[in-house]
There are 2 protein chains.
Amino acid sequence: MAGTIKDIAKHTGLSLGTISKFINGGRVREANRDKIERAIKELDFHVNEIARGLKTSKSKTIGIIIPSMENFFCTSLISRVEKHLSKHGYSGIICDYQEDPQMEKEKLVFLINKMVDGIIIVPSGDTQKEIQQVLDRGIPVVTVDRILPDIACDSVVVDNFKISGEAVEYFVGQDHRRIAIICGPRNISTAEERLNGYLAVHEKFRLTVDPDLIQFGDYYMQSGYELCRRLLDLPEPPTAIFATNYDITLGVISALNERNIRIPEQLSLIGFDNLNLSKVIKPALSLVVQPMDQLADATTKLMLERLEGTLQGIPQLVKFEAELVIKDSVISPLHK
Amino acid sequence: MAGTIKDIAKHTGLSLGTISKFINGGRVREANRDKIERAIKELDFHVNEIARGLKTSKSKTIGIIIPSMENFFCTSLISRVEKHLSKHGYSGIICDYQEDPQMEKEKLVFLINKMVDGIIIVPSGDTQKEIQQVLDRGIPVVTVDRILPDIACDSVVVDNFKISGEAVEYFVGQDHRRIAIICGPRNISTAEERLNGYLAVHEKFRLTVDPDLIQFGDYYMQSGYELCRRLLDLPEPPTAIFATNYDITLGVISALNERNIRIPEQLSLIGFDNLNLSKVIKPALSLVVQPMDQLADATTKLMLERLEGTLQGIPQLVKFEAELVIKDSVISPLHK
DNA sequence: TTGTAAGCGTTATCAT
DNA sequence: ATGATAACGCTTACAA
């Protein structure tokens, strides 16, 4: 059904080698060029990348692994990564592991079997051994959003400690003293850093840290919802909540809505990611915005450089600044 | 670096054929089984799917093409599709064409080159010729969410005409007479059907159709935002708006917020997709919810059956019912 | 510039 | 049950 180089050879009377050379940009006699081009059209020839990959042992494919396809941060990241990749002749094969480390391992194996040239991953944190094995096979890995403590590979992150501090400090500046934070899983570096930023600001201002105000969830909306309810049910509830990812932010808002708690009059909120959300929520939501383009750029760049050998040696850690966008969801509790 | 079957053969003293058979589930002598298994572990052997694919001319890979990775409907769809696919030993290679038909064509070629066994696509509508070519190569195609008038392939959609009618009829029942609809691009069957549902209800109730109240946008939030503003600026603005996809819904809400127009007191709204949104918006948003699981199930099922030859002959059109979830964003304009 | 032939890692056929 | 060998479609020396 699909024409092969062999078919073209037959059709033109030229040899395999010549056709192949032409396809890969080599020079052939003018007349032959025409013949080949015509044959390609007529036979609807497409390079069989599989066969090519087998021969060159390069698939020109990058595996991309994310926790969930329904995670806004991840999809907006990989959308950009894919764009860059394809600009450089690479393509991405995207997998989500549904927040399940076991599945993450399977995807890793799957991608290895698919002979990907490299892997870009937003890791769960529970598959360090397996990721090390990938590296051991000589396949470059770049982690995004999160770093893996035991793994020596390139990583791209934002300065979570700092931005989290800024958010919390903003609360403090608005007279909040009972500030809650809803964190992600503790084994995720990003979540840990955001917590550390929270703690550092408390220390800086000598505020007592109430452990009840520090909640750990997974990164699902449901989790944000439940933990927010738990916070609200505290004998002495917080006056402000810092939701440390997008889905948690959604969950918090839905819990607040359910109880008819008004933002910011009754409770102040700073959310995370997705500037669009702030336009849709009333009042406009203050939130931490991550530099998606920069993250995607840097990630792709690192991967491409490793692949091309331009970058060698010790792993790079690229860190960007996130931005605190202030809108109308924070107000001093004293103004009540 | 990576062990091959040949390596295992050397390591065990057995032949290529035997190893291959074992790997593919054939029987081998107990003792040999052990030897092979041990060798696999020791050499960290993984099947080279590329080589296998070359030989079998089956890549066990399905190409998945969607308009945008940042489109909630699409990502939540493909997330489910991928899940099913992998359950059946297939994997998906996901591409987005960023709403650009030209790019869509490129992705089609790309996937063909990657030797995908089939293609699942949410098509732009402008690449029918190219999709036909894919079919001509014997590669099964299933379109989701949209049907292609000139193409004979399997499709999975919801009954857009009907659900749109229900939404508009709900408005009518709430005494609305100036009902606006913000549609997607006209060449997308789904958008057209949603408009037709709107028109049919107007006809049914003998309501005059004001062309000003029918706006066509693309499926981006920005579009919903702008068209909503245009509607609001009408000499006689609508009392209700039907936003016919998720991003348009977001855009409408943000425009409304910007002008401090209260839902539903000043304007009633029915949105589309993403039940979570309705929990986050105040007041809770009434919206059309699509049966994502059913859509994904049916899509995967059709593809798998075509691949396995279980399903042959004329293209199937599978249609599901969407659901109108009523919350608090619609009120009678007479109650003002 | 063009042709020839080997080989990438598998599977599949055919003997044994 | 196992082994030898050809073949998948391509690239790449090397020879012509």
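Throughout, protein chains are lettered first and strands after them, A, B, ... in sequence-line order, and every chain is numbered starting at 1.
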Next item on the list: Would you indicate what S57(B) reaches in the nucleic acid, counting non-hydrogen atoms under 4.0 angstrom: base, sugar-phosphate, or nothing?
Entry: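 The residue S57(B) makes no contact with any strand.
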Note to self: Within the 4.0 Å heavy-atom criterion, would you say F22(A) contacts the bases, only the backbone, or no part of the nucleic acid?
What the structure shows: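 No contact.
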Margin query: Between L302(B) and V318(B), is there a side-chain heavy-atom distance shorter than 4.5 Å?
Written below: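 Sidechains of L302(B) and V318(B): in contact.
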Next item on the list: State, with a plain yes or no, whether a side-chain heavy atom of I5(A) is found less than 4.5 Å away from one of I23(A).
Entry: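 Of all side-chain heavy-atom pairs linking I23(A) with I5(A), at least one is under 4.5 Å.
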Nearest whole angstrom, please: distance from the [atom2] of [N] to the [atom1] of [X].
{"X": "K55(B)", "N": "dG9(D)", "atom1": "NZ", "atom2": "C1'", "answer": "11 Å"}
{"X": "K58(A)", "N": "dC10(D)", "atom1": "NZ", "atom2": "P", "answer": "19 Å"}
{"X": "H46(A)", "N": "dC8(D)", "atom1": "NE2", "atom2": "P", "answer": "21 Å"}
{"X": "I112(A)", "N": "dG9(C)", "atom1": "CD1", "atom2": "C1'", "answer": "17 Å"}
{"X": "K60(B)", "N": "dT10(C)", "atom1": "NZ", "atom2": "C1'", "answer": "16 Å"}
{"X": "E49(A)", "N": "dG9(D)", "atom1": "CD", "atom2": "P", "answer": "15 Å"}
{"X": "I5(A)", "N": "dT2(C)", "atom1": "CD1", "atom2": "C1'", "answer": "15 Å"}
{"X": "N113(B)", "N": "dG9(D)", "atom1": "CG", "atom2": "P", "answer": "14 Å"}

Check: R29(B): what forms a salt bridge (charged side-chain N to carboxylate O under 4.0 Å, His left out) with it, not counting sequence neighbours?
Finding: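 Salt bridge (charged side-chain N to carboxylate O under 4.0 Å, His left out) check on R29(B) returns nothing, list empty.
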Notebook entry, point to check: Who passes ring pair (Phe, Tyr, Trp, His ring centres under 6.0 Å) against Y220(B), sequence neighbours left out?
Noted result: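 Here no residue qualifies.
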Margin query: Minimum heavy-atom separation for G92(B) and E82(B), please, with both atom names.
Written below: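 Heavy atoms of G92(B) and E82(B) come nearest at N-OE2, 3.8 Å.
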Next item on the list: Over all heavy atoms of both residues, which pair between P101(B) and T127(B) is shortest? Give the atoms and the distance, please.
Entry: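 In this case the closest contact between P101(B) and T127(B) is O-CG2, 3.6 Å.
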Next item on the list: Take the C1' atoms of the five end pairs on each side of the helix from dT1(C)-dA16(D) to dT16(C)-dA1(D), get both axes, and report the angle to 10 degrees.
Entry: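 Roughly 40° between the end axes, to the nearest 10°.
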Looking just at side-chain N and O atoms, do [X] and [Y] make a donor-acceptor pair shorter than 3.5 Å?
{"X": "N187(B)", "Y": "D126(B)", "value": "yes"}
{"X": "E104(B)", "Y": "S124(B)", "value": "yes"}
{"X": "S76(A)", "Y": "S79(A)", "value": "no"}

Could I get a table of every N or O pair under 3.5 Å where one atom is in the protein and the other is in nucleotides 3-5 of chain D?
| from | atom 1 | to | atom 2 | distance (Å) |
| --- | --- | --- | --- | --- |
| dG3(D) | OP2 | S15(B) | N | 2.7 |
| dG3(D) | OP2 | S15(B) | OG | 3.2 |
| dG3(D) | OP2 | T18(B) | OG1 | 2.9 |

Residue-phosphate contact under 4.0 Å: [X] side-chain N/O, [N] OP1/OP2:
{"X": "N24(B)", "N": "dT11(C)", "answer": "yes"}
{"X": "N48(A)", "N": "dC8(D)", "answer": "no"}
{"X": "R52(B)", "N": "dG9(C)", "answer": "no"}

Next item on the list: Let me know, please, whether V28(B) or L54(B) comes out on the 5' side of the other along DNA chain D by nearest nucleotide.
Entry: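 This one resolves to V28(B).
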Side-chain donor-acceptor contacts of residues 139-153 of chain B below 3.5 Å, not counting sequence neighbours, with atom names and distances?
| from | atom 1 | to | atom 2 | distance (Å) |
| --- | --- | --- | --- | --- |
| T143(B) | OG1 | R146(B) | O | 2.7 |
| T143(B) | OG1 | S155(B) | OG | 2.6 |
| R146(B) | NH1 | P123(B) | O | 2.8 |

Note to self: Any salt bridge linking D117(B) with K60(B)? Criterion: basic side-chain nitrogen under 4.0 Å from a carboxylate oxygen.
What the structure shows: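 A salt bridge is absent here (no side-chain N lies under 4.0 Å from a carboxylate O).
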Using nucleotides 14-16 of chain C, report all nitrogen or oxygen pairs with the protein that are shorter than 3.5 Å.
none

Next item on the list: Verify salt bridge (Lys or Arg N to Asp or Glu O under 4.0 Å) between E42(B) and R38(B), making sure each step is shown before the conclusion.
Entry: CA-CA 6 Å; E42(B) 271 180 46; R38(B) 216 169 316 122; 5.7 Å; no
Check: Considering only dT11(D), dT2(D), dG9(C), which nucleotide approaches the side chain of T56(A) most closely?
Finding: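 My answer, after comparing the listed nucleotides, is dT11(D).
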Next item on the list: From the options dC8(C), dT11(C), dT10(C), select the nucleotide whose nearest atom is closest to the side chain of S20(B).
Entry: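 Nucleotide nearest to S20(B)'s side chain: dT11(C).
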